[in-house]
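Nothing fancy with the numbering, it's 1 onward along the sequence.
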Amino acid sequence: MGYVDYESKGQIGIITINRPKALNALNSEVLDELKTVVESVDMEEIRCLIVTGAGEKSFVAGADIAEMSGLSAAEGEAFGKKGNDVFRMIETLPVPVIAAVNGFALGGGCELSMCCDFRICSENAMFGQPEVGLGITPGFGGTQRLARLVGPGMAKQLIYTAKNIRAEEALRIGLVNAVYPLEQLIPEAEKLAARIASNAPIAVRACKKAVNEGLEADMDAAIVLEEKLFGSCFGTHDQKEGMSAFLEKRKEREFLNH
């Protein structure tokens, strides 16, 4: 496609925002293409997705300000909904999604990274929600996911000040899980994805559902959710094979997602 590339490497899928001349900024066309690409991923074959940006400078530098500058209030709300719908689709995919942040992740770029299950980044990465300096709020989930990830106090400080932070600070506050030299970022992301893909997919998917949905529920309801997902794994090929391999002191032969 024009601005969003996709390739699969065995059980790992890699989505690349490919608009480097605009630092991979998100306009309506890019969001539409991203939605189409994500919908086309074979969720039976793919066990982990990586999302990254083209080039060495930027993951996604933000939403396209040139497109946003002339929007009315109703049009702005619709543009926010477009981004939120795509990001929520990514967030609720059955398979884990890793953001490999290779440079600027500002505004919509930071928000794209946060809808992924977790983030790793390059040493030159920069995160921030600069919207209040442009006279707007974050519009693609930034006010909601950042507070959930780093706590309300830190999120409010970053959003209210419009301050960008470097990779080391993002690691310190828990926004990212690891920082790597740029040339090692994608290989490390692929290693992580391969490790995830090597485990029983039925269990990994159940764990993602348990964590994501459990965070939105009170503890009593969340524990019941976990019990049901735990129980759903029993009697499956993957559970029988995994436990048989353990008891027989051998490596599992194959996990099949059923």
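Criterion: ILVMFWY side-chain heavy atoms under 4.5 Å apart, direct or through other members. Under it, F230 and L225 are not part of a common hydrophobic cluster. Both I15 and M89 are members of a single hydrophobic cluster when ILVMFWY side chains are connected at heavy-atom separations under 4.5 Å. Each of L192 and V97 belongs to its own hydrophobic cluster when Ile, Leu, Val, Met, Phe, Trp and Tyr are linked at side-chain heavy-atom distances under 4.5 angstrom. When hydrophobic clusters are built by joining Ile, Leu, Val, Met, Phe, Trp and Tyr residues whose side-chain heavy atoms come closer than 4.5 Å, directly or via intermediates, V51 is grouped together with F140. Under the 4.5 Å side-chain heavy-atom criterion for ILVMFWY residues, no single connected hydrophobic cluster contains both I50 and M43.
Contact check for L26 versus D64: no side-chain heavy atoms found under the 4.5 Å cut-off. Inter-residue side-chain proximity for K9 and E190 is flagged as met; some heavy-atom pair is nearer than 4.5 Å. With a 4.5 Å cut-off on side-chain heavy atoms, V176 and I120 do not count as touching. With a 4.5 Å cut-off on side-chain heavy atoms, V38 and L93 count as touching. Counting only heavy atoms from C-beta outward, the side chains of L49 and I90 never approach each other to under 4.5 Å. Contact annotation: the side chain of I12 never approaches that of I46 to less than 4.5 Å [non-hydrogen atoms, C-beta and beyond]. The closest side-chain heavy-atom distance from V204 to R47 is not below 4.5 Å. Counting heavy atoms from C-beta outward, M68 and N27 have side chains that stay 4.5 Å or more apart.
A donor-acceptor pair under 3.5 Å is absent between the side-chain atoms of T236 and the main chain of S232, judged by distance alone. Counting only distance, with no hydrogens or angles, the side chain of D238 and the backbone of A203 share no donor-acceptor pair below 3.5 Å. Distance alone, capped at 3.5 Å, places no donor-acceptor pair between the D5 side chain and the T16 backbone. At least one donor-acceptor pair under 3.5 Å links the side chain of T161 to the backbone N or O of K163. Between the side chain of E241 and the backbone N or O of R253 there is at least one donor-acceptor pair closer than 3.5 Å. Between the side chain of S58 and the backbone N or O of L23 there is at least one donor-acceptor pair closer than 3.5 Å. Between the side chain of E213 and the main chain of K209, no donor-acceptor pair closer than 3.5 Å is present. In this structure, E33 contributes its side chain and V4 its backbone to a donor-acceptor pair below 3.5 Å.
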Item to complete: Check the pair Q239, I202 against side-chain contact (heavy atoms from CB on, under 4.5 Å), reporting the backbone distance first and the verdict last.
Response: CA-CA 9 Å; Q239 176 261 327; I202 198 166; over 6 Å; no

Fill in: Trace of the side-chain contact (heavy atoms from CB on, under 4.5 Å) decision for I136 with V132
CA-CA 5 Å; I136 58 173; V132 296; over 6 Å; no

Practice prompt. Evaluate ring-ring contact (aromatic ring centres under 6.0 Å, His included) for F59 paired with F127, printing each intermediate quantity in order.
Written response: CA-CA 10 Å; F59 173 70; F127 295 84; 8.1 Å; no

Item to complete: Apply side-chain contact (heavy atoms from CB on, under 4.5 Å) to V37 and Y6, showing your working.
Response: CA-CA 7 Å; V37 167; Y6 177 73; 3.7 Å; yes

Worksheet item: Step by step, would you call F87 with L31 a side-chain contact (heavy atoms from CB on, under 4.5 Å)?
Response: CA-CA 9 Å; F87 289 5; L31 288 169; 4.1 Å; yes

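A donor-acceptor contact closer than 3.5 angstrom is absent between the side chains of S122 and N102. Looking at S28 and E67, their side chains do bring a donor and an acceptor atom within 3.5 Å of each other.
For A245 against K251, the heavy-atom pair with the smallest separation is CB-C, 4.0 Å. Contact between V101 and A125 at its shortest, heavy atoms only, is O-CB, 4.0 Å. Closest of all the heavy-atom pairs between E56 and N124 is O-ND2, 3.0 Å. Nearest heavy atoms, E75 versus S72: OE1-N, 2.8 Å. For Q129 against P138, the heavy-atom pair with the smallest separation is NE2-CB, 3.7 Å. Here the closest non-hydrogen pair linking P201 and L256 is CG-C, 4.4 Å.
H258 and H237 have tilted rings, their planes meeting at an angle from 30° to 60° on a 0 to 90° scale.
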Show every donor-acceptor pair shorter than 3.5 Å between a side-chain atom in residues 141-155 and any protein atom, with sequence neighbours excluded, or say none if there are none.
unit_1 : atom_1 : unit_2 : atom_2 : d
Q144   : OE1    : R148   : NH1    : 3.3
R145   : NE     : E91    : OE1    : 3.2
R145   : NE     : E91    : OE2    : 2.9
R145   : NH2    : E91    : OE1    : 2.7
R148   : NH1    : Q144   : O      : 3.2

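We find that R250 and E248 are joined by a salt bridge, their nearest charged nitrogen and carboxylate oxygen being less than 4.0 Å apart. Between K35 and D85 there is no salt bridge, since no side-chain nitrogen of the basic residue lies less than 4.0 Å from a carboxylate oxygen of the acidic one. Between K81 and E77 there is no salt bridge, since no side-chain nitrogen of the basic residue lies less than 4.0 Å from a carboxylate oxygen of the acidic one.
Going from atom SG of C110 over to atom CE of M126 covers 12.0 Å, rounded to the nearest 0.5 Å. In this structure, CG in L229 is found 13.5 Å from CZ in R205, a value given to the nearest 0.5 Å. If you take CG on L171 and CD1 on I173, they are separated by 9.5 Å, rounding to the nearest 0.5 Å. If you take CD1 on I196 and NZ on K208, they are separated by 10.0 Å, rounding to the nearest 0.5 Å. With rounding to the nearest 0.5 Å, the separation of CG in N24 from NZ in K57 is 11.5 Å. In this structure, CD1 on I186 lies 10.0 Å from CD1 on I98, to the nearest 0.5 angstrom.
Identified under the ring-ring contact (aromatic ring centres under 6.0 Å, His included) test for residues 161-182, with sequence neighbours left out: none.
For CZ of F104, the number of neighbouring non-hydrogen atoms (other residues, nucleotides, ligands) closer than 6.0 Å is 12 at most.
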